[in-house]
Amino acid sequence: MYQAPRGTKDILPQEQAYWRYVEAKASAICQLCGYERIDTPAFEDAGLFTRSVGQGTDIVDKEMYTFQDRGGGKMALTPEGTAPVCRAYIEHGLSNKPQPVRLYYLTSIFRYGRPQAGRYRQHYQFGLEAIGDADPALDAEVIDMARQFYLSLGLEGFSLQLNSIGCKICRPAYLDSLTSYYADRTSHLCPDCRRRLERNPLRLLDCKRPSCQEVAEATPRSIDHLCSGCERHWQRLKAYLALLDLPHEVNHRLVRGLDYYTRTVFEVQIGEGAQSALGGGGRYDDLIEELGGKPTPAIGFAAGMERIILNLKKQGVPVPALSQPEVFVAYAGDKAKEAAIKLMAGLRQAEMATIAALGDKSLKAQLRQANALGVGRVVIVGEEEAARDTVVLRDMASGQQREVPSRSLVAELKSVSL
RNA sequence: GUGAGCGUAGCCCAGAGGUCUAAGGCGCCAGGUUGUGGCCCUGGAGAUCGAGGGUUCAAAUCCCUCCGCUCACCCCA
């Protein structure tokens, strides 16, 4: 027997209400803020990600789905959403549009790793990117959208963590002070962290081991090492967030797993545990240039759909039911079946969602099905009605029914009561 | 990728070496009115007990391998 590949999942009809709900909220907040939808391919040239996300990051080094296509090119299933959008921005000359260009997407993300609840090899992200301006007001806009998005979903108890990790001017000096701080304390570090000290010192900050956390307590803070430009950006961002009454915690240990971030980084967290990151983002002022475009500052945000839905369920947030058929056509007898098929076509023509059991079930079975589907009204045709060119119209809630001429059926159904 | 727990019909689950030709509930199908749902009653279908191998006279029950899920790491959404 075949199973869905490890870490992938079928989204069955019964789950769809959650997905449609989250998508609707995502689109709504974007529409409200003037962000336009963009869809990019499910796979890209692998180099796009090694260059942007960065060699040495886990995403690129051990989580990317790469393959060679028949033309010999090395491709990768998209492991994150930002780089493809930047590629599209450059490729299609979006720098010629009024800046910043505001875009959003709902897309599949692929990462190879050991799956867990709320963590998949193929998962879905809602993301948005504002490309083309370095104004911290734009950071505030994006962060506020993230917050408004979660609020509009009805989620509670999430927090916003914020940090600034500087830019290519000030970060080297910060990393120096970080490494020299840790260099004196290597004996207190876990083996992983000793490796991080060599490869990616920023990551030392978010190690979860208690012993390493103790060492990290007194660690130099990136916001104390910002250059004048970054410092000004940081101060103004905090002022804008205050202006918006946007609650947040400055978290000196917040760093993110992609190399392209500069200045602002933020993360939305909910509850405790490993899958507590609901979404995150940050500024990436060097990325477009790195990918071959003109120097272009930008900021973005992405949220994981599965984790949102997980938390909607956990918190018992009600989501609106998907629309279902309003009319069920039942029949008894061959002549009646033909009449029913024509009736159903007519109802659909009149834009009334209509369903029939079809197959050769008893009338009883058909009614049972109509009931199970929760369809409010049933049109019943028997041999006698077919001969008379009438139908029986039954209201399932009240159990009342009456005979009406076939040609006035649509009008009857559209008038509210029976 | 590392470590641990789990895996019985579509779903929830009983069973812990022979009494299992695997029980129950939900759901599904049909009948209880020869043209009518929801409640109730009756019956039925549906499980090579995750897969493969082994131990044993005997395996859903013990062992191994694989697959999958879950949890903690790693990392992130």
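We use all heavy atoms of the structure for the numbers below, so side chains are in, but hydrogens, waters and symmetry mates are not.
- Distance from the side chain of Ala372(A) is smallest for C28(B) among the nucleotides A77(B), C28(B), C74(B).
- Nucleotides G50(B) and A9(B), compared at atom P, are 7 Å apart to the nearest Å.
- Here the separation of A51(B) from C67(B), taken at their C1' atoms, is 7 Å to the nearest Å.
- If you check every strand for non-hydrogen atoms under 4.0 Å, Arg111(A) touches a base.
- Within 4.0 Å of Gly279(A), counting heavy atoms only, lie sugar-phosphate atoms of the nucleic acid but no base atom.
- Within 4.0 Å of Gly374(A), counting heavy atoms only, lies no atom of the nucleic acid at all.
- Remark: the separation of the C1' atoms in G46(B) and G24(B) is 15 Å, to the nearest Å.
- Here Gln369(A) does not reach the OP1 or OP2 of G37(B): none of its side-chain N or O atoms lies under 4.0 Å away.
- Within 6.0 Å of CZ in Phe43(A) there are 12 or fewer heavy atoms belonging to other residues, nucleotides or ligands.
- Each of Val255(A) and Pro5(A) was assigned the nucleotide of RNA chain B with the nearest heavy atom; the assignment lying further toward the 5' end belongs to Pro5(A).
- Note on residues 19-29 of chain A: pairs passing side chain to side chain donor-acceptor pair (under 3.5 Å), not counting sequence neighbours, are Gln16(A)-Arg20(A), Arg20(A)-Glu23(A).
- Using a 4.0 Å heavy-atom distance criterion, Ala386(A) is classed as making no nucleic acid contact.
- Per the geometry, NZ belonging to Lys361(A) stands 11 Å off C1' belonging to A30(B), to the nearest Å.
- Base pairing annotation: C6(B) forms a Watson-Crick or G-U wobble pair with G68(B), both donor-acceptor distances under 3.5 Å.
- Using a 4.0 Å heavy-atom criterion, one finds that Ala330(A) contacts no nucleic acid atom at all.
- Of the P atoms belonging to G25(B) and C39(B), the separation is 16 Å, rounded to the nearest Å.
- Remark: Lys337(A) NZ is packed, more than 12 non-hydrogen atoms of other residues, nucleotides or ligands lying under 6.0 Å away.
- With both ends at atom C1', the span from A22(B) to U8(B) equals 8 Å, rounded to whole Å.
- Both distances falling under 3.5 Å, in either a Watson-Crick or a G-U wobble arrangement, occur for no nucleotide opposite A22(B).
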Give every donor-acceptor pair under 3.5 Å between a side-chain atom in residues 360-370 of chain A and any protein atom, sequence neighbours left out.
unit_1	atom_1	unit_2	atom_2	d
Ser362(A)	OG	Ala365(A)	N	3.0
Gln366(A)	OE1	Tyr331(A)	N	3.0
Gln366(A)	NE2	Tyr331(A)	O	2.7
Gln366(A)	NE2	Lys361(A)	O	3.2

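- With U36(B), G37(B), G35(B) as the candidates, the nucleotide lying closest to the side chain of Glu385(A) is G35(B).
- A side-chain contact (heavy atoms from CB on, under 4.5 Å) with Ser52(A) is found for one member of Asp259(A), Thr57(A), Val60(A), Leu287(A) and no other, namely Leu287(A).
- When the C1' atom is compared between A4(B) and C74(B), the two are found 15 Å apart, to the nearest whole Å.
- Figure legend. G43(B) is base-paired to C29(B); pairs are counted as Watson-Crick or G-U wobble with both atom distances under 3.5 Å.
- In this structure Asp58(A) satisfies the side chain to side chain donor-acceptor pair (under 3.5 Å) test with no other residue, sequence neighbours excluded.
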Please report, to 0.1 Å, the donor-acceptor pairs under 3.5 Å made by any side chain of residues 312-330 of chain A, with sequence neighbours excluded.
unit_1	atom_1	unit_2	atom_2	d
Lys313(A)	NZ	Glu15(A)	OE1	2.8
Lys313(A)	NZ	Glu15(A)	OE2	3.1
Gln315(A)	OE1	Glu156(A)	N	2.9
Gln315(A)	NE2	Glu156(A)	O	2.8
Glu326(A)	OE2	Ala353(A)	N	3.1

Protein proximity profile, nucleotides 39-48 of chain B - base contact B, sugar-phosphate-only contact S, no contact -, cut-off 4.0 Å on heavy atoms: ----------
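- Looking at residues two or more places apart in sequence or on another chain, you find a side chain to side chain donor-acceptor pair (under 3.5 Å) between Asp285(A) and Arg283(A).
- As the counterpart of C13(B), no nucleotide is assigned, since no Watson-Crick or G-U wobble pattern has both distances under 3.5 Å.
- For Tyr89(A), there are no ring pair (Phe, Tyr, Trp, His ring centres under 6.0 Å) partners, not counting sequence neighbours.
- Here Arg203(A) lies in heavy-atom contact (under 4.0 Å) with sugar-phosphate atoms only.
- Not counting sequence neighbours, the partners of Arg256(A) by the side chain to side chain donor-acceptor pair (under 3.5 Å) test are Tyr261(A), Glu267(A).
- Nucleotide C75(B) has no partner under the Watson-Crick or G-U criteria, as no pair reaches both atom distances under 3.5 Å.
- The distance from atom CZ of Arg256(A) to atom P of C75(B) is 13 Å, rounded to the nearest whole Å.
- Looking at heavy-atom distances under 4.0 Å, Gly399(A) makes contact with a base.
- Pair check for U34(B) finds none; no Watson-Crick or G-U wobble contact set falls under 3.5 Å.
- We find that CD of Gln366(A) is positioned 10 Å from C1' of U36(B), with the value rounded to whole Å.
- Nucleotide U56(B): unpaired (no Watson-Crick or G-U wobble partner with both distances less than 3.5 Å).
- Nucleotides C20(B) and A59(B) are separated by 11 Å at their C1' atoms, to the nearest Å.
- The same atom, C1', is picked in A16(B) and in G38(B); the two are 42 Å apart, to the nearest Å.
- Residue Tyr124(A) is classed as having no contact, given no heavy-atom separation below 4.0 Å to the nucleic acid.
- Counting non-hydrogen atoms of other residues, nucleotides and ligands closer than 6.0 Å to OH of Tyr112(A) gives a total of 12 or fewer.
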Pairs: protein N or O with nucleotides 3-9 of chain B N or O, under 3.5 Å:
unit_1	atom_1	unit_2	atom_2	d
G3(B)	O6	Arg114(A)	NH1	3.2

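- Here the P atom of nucleotide C75(B) and the NE2 atom of His123(A) are 17 Å apart, to the nearest Å.
- Whole-Å rounding puts the Glu23(A) CD to A77(B) C1' distance at 16 Å.
- Within 4.0 Å (heavy atoms only), Ala370(A) reaches no atom of the nucleic acid at all.
- If Gly382(A) and Tyr112(A) are placed on RNA chain B by their nearest nucleotide, the residue sitting closer to the 5' end is Tyr112(A).
- Aromatic ring centres of Phe126(A) and Phe149(A): separated by under 6.0 Å.
- Residue contacts shown for Leu278(A) are limited to sugar-phosphate atoms, with no base heavy atom under 4.0 Å away.
- Within 4.0 Å of Gly118(A), counting heavy atoms only, lies at least one base atom of the nucleic acid.
- Of the residues in residues 53-65 of chain A, those lying under 4.0 Å from RNA chain B by heavy-atom distance are Asp58(A), Lys62(A), Glu63(A).
- Every residue was checked against the ring pair (Phe, Tyr, Trp, His ring centres under 6.0 Å) condition with Tyr104(A), not counting sequence neighbours, and none meets it.
- The backbone N or O of Ala76(A) sits nowhere less than 3.5 Å from a side-chain atom of Thr66(A) that would complete a donor-acceptor pair.
- Judged as a side chain to side chain donor-acceptor pair (under 3.5 Å), the pairs with a partner in residues 33-46 of chain A (not counting sequence neighbours) are, in order, Tyr35(A)-Glu141(A), Arg37(A)-Asp39(A), Glu44(A)-Arg87(A).
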